[in-house]
Every structure is written in C-alpha cells, then in structure tokens.
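So that the names make sense, note that chain A is the first sequence line, chain B the second, and so on, each numbered from 1.
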Amino acid sequence: MSDSPNNPNPITSQFGQKSPNYLKGLNPEQREAVTSIDGPLLVLAGAGTGKTRVLTTRIAHILASHLAESSQILSVTFTNKAALEMKQRIGKLIGISVEGMPWMGTFHSIGAKILRRHAELVGLKPNFTILDTDDQIRLIKQLLTAEHIDEKRWPARQFASIMDGWKNRGLLPSDVKSSHAGMFANGLGDKLYADYQQRLTSLNAADFGDLLLLCIRLFRENPDILAQYHSRFKYMLVDEYQDSNVAQYLWLRLLAQGKPAHLANICVVGDDDQSIYGWRGAEVDNILRFEKDFPGAKTIKLERNYRSTGNILAAASSVISNNEGRLGKTLHTDDEKGEKLQVTSLWDSEEEARHTAEQIEQLQRNGQDLNSMAILVRTSAQMREFEEVFIKLGINYRVIGGAKFYERREIRDALAYLRLTHQQSFDLALERIINVPKRGLGTTTVKFIHETARAQNIPMMQAIRMLIETEELGAKQRNTLSFLISQFDDWSARATTTSPFELAGAIFDESGYTAMWKDEKTADAPGRLENLKELVNFMQDFETLAEFLEHISLVLDRANNDNSNAVSIMTLHAAKGLEFNNIFLPGWEEGLFPSQRSLDESGNKGLEEERRLAYVGITRAKKKAFISLAQNRRIHGFWKTALPSRFLDELPPAAVEVTDTGSSFGAHNYGGSNSNKNSASRYDKKDALDDVYETPGWKRMRANSPKTIDGEFTKNHEHTSTGFRITQQVTHLKFGIGTITSIEGKKLTINFDRVGRKKVLDSFVKG
DNA sequence: TAAGCTGAAATTTTT
DNA sequence: TTTCAGCTTA
C-alpha cells in the first residue's frame, strides 16, 4: 500500500490539509484495511490491534475521498457506547459533526429507524412503542392465562427466551410451526408466538427482536423499498461481526444485495476468538463463513497488538490455541515481555478476595491508580465477596454492568407514565402504573378492566371511561379511576404545549409518584429519586415527548460521569472492549470457569466459548494479570472443593509465575470474634463510597446484617467440628483416600494417595 | 388490599 | 445462602 494519497484535492480543499493526516500512524495492515474500499472486506482484528481505529479511519477516508456522503454510509455496532465512541472519534479525525452520520448506530436503533418510515407495511403505525422486557413478560403472562397454561410449569420468562431465540434466528411464527413445534407448553409454542405478535400489532408495539425481524420481513415483501436502501447505502460497515446473530446476518445480507456479492461494499470487522455471546444467539459461523458469503472477499488480519506485554499475549495465545475451527491469528507485539502472569491458589473465596485486596494495595503503594485495576469475574455472584473486603478495607470500587439505568423500577414506572401520556391506548404501561403509587386499585379491579377491554377489543383506558359511567365498579374505584383519567387527559393535552422536561416533572409530582418515593423510608429511596431527577434532566435535550420516547427505549443509558478513583468490578462479558493496566482474574476453577453449566448444555462448543472468555479476560490486561483460584467455594450455600481450571494448564509455563500461598493458609483469623468488630467499620466507609450504587454488597450493608463468614462457617459445620486426628486415614469424594497431616480448625491438610497434598474442609472427608 | 411467608431456583445479558 | 415470585393471612 502506497503512502501517498491518490485523492489529494478534495481533501485539501475540504479539510485544509496537505495530505490525509488520518492515514499517518497506521501500520501497513491497518492502512490496507482503511483504503481497500471496493468490494467485500473482512478485517480480522485481534484484541488490542486497533480495530476501532481502523473502522473510524475507514469512514473518514470514504468521506474525505468524496466516495460517499455521510448519509450514504451504514455503520452498525452492537452497543450504543460503541456507536457513540465511533462518532466521537470520527469527529476528532476529520472534524465533521456527529450529526452528519445518520446511519451510524446499533442494529436495533437503525432497524427501528427504518421500520418507523415504513411501519404501515408491517401493520404498525410510525409511532409504535418499543417494548421492554418487563412489558414483554407481562404480555406473555396474559397470553398464558388466556390459554389456560399453567404458569408454574411453563414460566413466562422461559417462553420469552425461547421466543427470543426464534427471533434471533430470524424465524417468524409461520416458520416456527414446522421446525420447532412442541418446544413449549405441549406444542402450543407456535400458537403463543403468533398470538403474541398479534397482540403486539394491536398494541402498536414491537419488541427488540422485531426491530430486525420486521425489517427483514419489510425488505422481503417490498423489494422496491429494499432497493431504495440499496441505492442509499454505498458503504456498509459492521463492528464486532462475530457477535451477530442469524437475524442480523439476514438483515445485512438483504441490505448488501444491491450489488453482486463479490462487489458488495461491505466491510465487517471482528475477532472470532472474542465471540462470547453464543448463548444469546450469536453465530461465530457468520464470521467464519464471510468469505463464502461474499466470494472474492479480501481478508486482512490485524495481528499487531498495541496493548499488552509479550507475556500477556503469549498466555492469551496459548490458551486460545486450544480451540478448533478458528480463522487463526497470531498476536505479536514489539513491547517487552513484561512481568509474568501471576497464578495464585487460595484456601477459599474469602481469602481469594482478601489476597486480591492486598495485591491492589501493593499496586497502590507502587503508585498505581485504582482506575488502572479491574477484577473480571465469571459470574456476578463472585462480586459480593470482593465488595465486602473492599468495604472493610476502605478500597474504593465500582461495579460495572448489572442493572441498567432504564431497567430500574423507578425509571420504568416513570416511562410508563410518559408513554401513557403520549399514547393512552398503551395498556401495558397502564397496567404497570395504575396502582403505583397505591391508589386502592388492586388486582380485582385491574382484572375486571382488563377483561372488559379484551371483550370489546378496546384499549383499557377506553374501557375505564365506559366503566366509570356504570355501576359495575365500586364507588371508590370509580372516583379514583375518574380522577386518573382526567389527569391523563390533562397531561396528554399539555404534551402539545409544554416541553417534555416540564411536563414530566409535572406528571411525576401530580401523580404522586415523586411523593411515593419521598415517603418511602427504605435506604434506596433517595437514590431512586435521584435517578428520576436524572431522567427528567435528560429530557431537557428533547423538543417533544415523542422524540424523547423514541430515543429512550433504544439509547438511554446511565451517563457514566464517575470521576472517582476506583477499582472496577465486572463480569468477563462486560469487560470486552475495555483495557486496564492491571487485571485480576479470580475464580479459575473447574465448574465455575469453565462454567459447568456451559459444558453441560453446549458441550465442546460451550467449552470453547468459555475459553474465548478466558482469552478476552487475559487480553484486557496491558501490564499485569493476576489469576487466582479458591480451593473451596460456597455454591448455593454449600461448600464445595474445587479443582483448578483446565485453562490454567493451557497457560505457557514460561509466561507464568505460580505464587506460593502456603503461608496464607491459617494466617488469618477465621474463628475470632474480632472480624465482627471490624465489620462495623464498613458502615463508617459508606459515605466515602457515595457514587457506588446498588450492589449486592451494599444491599447487605443497608439491610444491617453484617453476617460473617465465621458464623456461617461454624453453623454449617458444627456437626463435624471435631472427630479427626492427625495420621487418621480418611476418604474424600474427589481425591480418594489420604492421611491427615495437620488439623487447623475445620481445615484438614491431607496427603492423598492419588493427588498428593491438599487442604480440605473436614465436612468433605469421611473417617 | 398489603404485608409476611414459603418454596424453588440459582451463568453470562450488547438491544 | 440468597433471591424472588406467588400465595396466605390480617
């Protein structure tokens, strides 16, 4: 690839530069990926190889070369965060305004945008509502009741996820009938699905899956409309292609069909080794198959890593090399080898947390910022113990992920009020807030309204209007409903004259919703009010309520203006795309990581995805990675002895240093009562951790129940607290026969005939 | 109608 | 062990 630009003049005139600056500093592969703009292109970008940079620069290049207008580039990501970051980076790169990229966004937001333009063709109105998961479940429950299906045997959630699976695979109700009948409720699954879709249509609503699925249907049934988009989108770019599911694949295929496959200007960027959402319907196969889908596609591998040290890369590469069916990349770096990865085995998960905290403090003493550290766990249940230790020791932390802003109760309630104001026929929203705050409208009343509405096939709001004219409801209910209706009529009328910001404030006050939380004395009430305020403030940016609501269901996210210095705790999944100098990877035990359930449900496929998760985890680290495992872990209340994760064996010995933790055993005071006293200090730290929101740890703090491990320990194992002696022969379920060499409280050190010396809890061995 | 109780379940969760 | 949803009782 030549260094000199072959399209100088437009650039010079438009951006006032002598040469495209944006190409500078790219390595040859990156540059090729940026400038190969004709025909299909697959960019295999390993972790830390500058993937986002390539994508953004490529867009900049297309724009600067005047190959397309910004409105002619379709650029899809999976998260709003990724879309936002790309917009910002393009803005920086060539100074165009962010607004200039109307077709850059998530699959879902672009799908919604297209769908709104042609809503009538799929039976919706342009102002259709996007259902959230809560509404979805609510709706399914109603359908189950209508079909007299026992909700205990066939939970609504389960059906929601089955249906999600169908939608992810691009299956319409008619497709399901043939292939998956009988999957749910004795073969009623397909009927339920069809009913569900019908209800959505009559509610003028779509769920997340529909945003793509209905788009696909729209394109298939209306070739003329598809053709419009073919001529509109001169270039298509897809980020994180390895995470795309079948529906997204079909959607992209349709949009790319404007030209013969070998000429399609579609560029997908991804890393098959980082595909970790298979359980959500992602098809690694999409990326593995790209070259077949688009014959003649060019493939460029980005293998030069700019993030991690040699040892970290060696470790990650070594682990991932155990997977089969990879497209195959070998990451390399010019960086030094750096420090070895540390692997530490601890007695139990509490000690693991404490040990991690000590390492964090050690790093801090060496001048490292808490912001440079992250703990990546396999399951969120692991977080609690870290939080407890951090609170105890006064280490500031933040939990990333977990409940999203728009998933919170108060936000959903608030949105229900706003949606209902906007569209009074939106029954699901009405059902949500009809008795929030408490108005004395209980299940009986709501059920009656609901049935009346269904019987006459009218919205509930309308049914209420009828019912308050009759004697069918009690006088008290009639009055309440009558008042509620008048309020909504008032709000709906004001929606046209008042700004959404003002209106929302008024609605929440007049409805008594704000008062409800103000009166509530629970610890999290103030936080909820705070969130409400944040939501209302957010509305200042919008002209109309409709505009706000359109935005909200797809794009609302908590503004992460957390400037504090804190260790991050998150799941491995949530860590994708992030990087930290120091990464802690706890819980590398068989059963936990790789997750037993993954193995059971998906076999080798599951194992490989777990392995990719390990790869993602390790490659988050720039400088240091600390892997740890606990020999004993409490799962659902029972202590289990764990074996080291098989992934540990897959680490290259030369890049790893196994830390001796012999001393850690018994070094801490398990039995003493002083840890109870220590725990009181947790409360003192509460104020210092203001910006930390709801986490399991905090809930426990607030619930005022400082349970200690000690207490649980003794309680659970009282019956076995004595009765063993040194030199005694014992049997362990997993390790077999061995001899006790030392006893410390409930911990036995045993020389097993088969597996050597182990420390185990007495309750796991038989004398 | 609303608080308390009981029993089943318990990964990962971009939109 | 914890959590949450649905059921029972005041």
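At whole-Å resolution of the value, CZ in A/Arg384 and C1' in C/dT3 are 12 Å apart. Atom CG in A/Leu613 sits roughly 11 Å away from atom P in B/dT12 (whole-Å rounding). Rounded to whole angstrom, the span from the CZ atom of A/Arg157 across to the P atom of B/dA10 amounts to 12 Å. For the pair A/Gln158 CD and B/dT13 P, the computed distance is 20 Å after rounding to whole Å. For A/Asp134 and C/dC4, the CG to C1' distance is 13 Å, given to the nearest whole Å. Across the protein-nucleic acid pair, A/Ile400 atom CD1 and B/dT13 atom P stand 12 Å apart, rounded to whole Å.
Checking each of A/Gln248, A/Lys576, A/Arg280 against A/Asp243 for a side chain to side chain donor-acceptor pair (under 3.5 Å) leaves exactly one that passes, namely A/Lys576.
You'll find that the side chain of A/Trp279 is closest to B/dT12, out of B/dT14, B/dA10, B/dT12. Side chain of A/Tyr277, nearest nucleotide from B/dT12, C/dT1, B/dT14: B/dT14. Listed nucleotides: B/dT13, B/dA10, B/dT14. Nearest to the side chain of A/Phe78: B/dT14. When each of B/dT15, B/dT11, B/dT13 is scored by its nearest atom to the side-chain atoms of A/His108, the top-ranked nucleotide is B/dT15. With B/dT15, C/dG6, B/dT13 as the candidates, the nucleotide lying closest to the side chain of A/Thr79 is B/dT15. Of the candidates B/dT11, B/dT15, B/dT13, the closest approach to any side-chain atom of A/Arg378 belongs to B/dT11.
The neighbour count for A/Arg117 CZ, taken as heavy atoms of other residues, nucleotides or ligands under 6.0 Å away, is above 12.
Contact annotation for A/Glu601: base contact, defined as any heavy-atom pair under 4.0 Å involving a base atom. Residue contacts shown for A/Gln382 are absent, as no nucleic acid heavy atom lies under 4.0 Å away. Residue contacts shown for A/Phe107 are absent, as no nucleic acid heavy atom lies under 4.0 Å away. A/Ser595 comes within 4.0 angstrom of a nucleotide base, judged by non-hydrogen atoms across all strands. The residue A/Lys167 sits apart from the nucleic acid: no heavy atom pair falls under 4.0 Å.
Taking side-chain N and O atoms only, A/Thr571 has a distance below 4.0 Å to OP1 or OP2 of B/dT13. Contact check, A/Ser380 against B/dT12: a side-chain N or O comes under 4.0 Å of OP1 or OP2.
Nearest-nucleotide positions on DNA chain B for A/Leu599 and A/Asn435 put A/Asn435 closer to the 5' end. Of the two residues near DNA chain B, A/Thr445 and A/Glu609, the one whose nearest nucleotide lies more 5' is A/Thr445.
Not a single donor-acceptor pair, N or O on each side, falls under 3.5 Å between the base of B/dT11 and the side chain of A/Arg280. For A/Arg634 against C/dT1, a side-chain-to-base donor-acceptor contact under 3.5 Å is absent.
Helical stems in DNA chain B, defined as runs of 3 or more consecutive Watson-Crick or G-U wobble pairs with donor-acceptor distances under 3.5 Å: B:1-10 with C:1-10.
Centre separation under 5.5 Å together with a plane angle under 30° does not hold for the ring of A/His636 and the six-membered base ring of B/dA9, so they are not marked as stacked.
Proximity of residues 437-444 of chain A to DNA chain B (heavy atom under 4.0 angstrom from any strand atom) is restricted to A/Lys438, A/Gly440, A/Leu441, A/Gly442, A/Thr443, A/Thr444.
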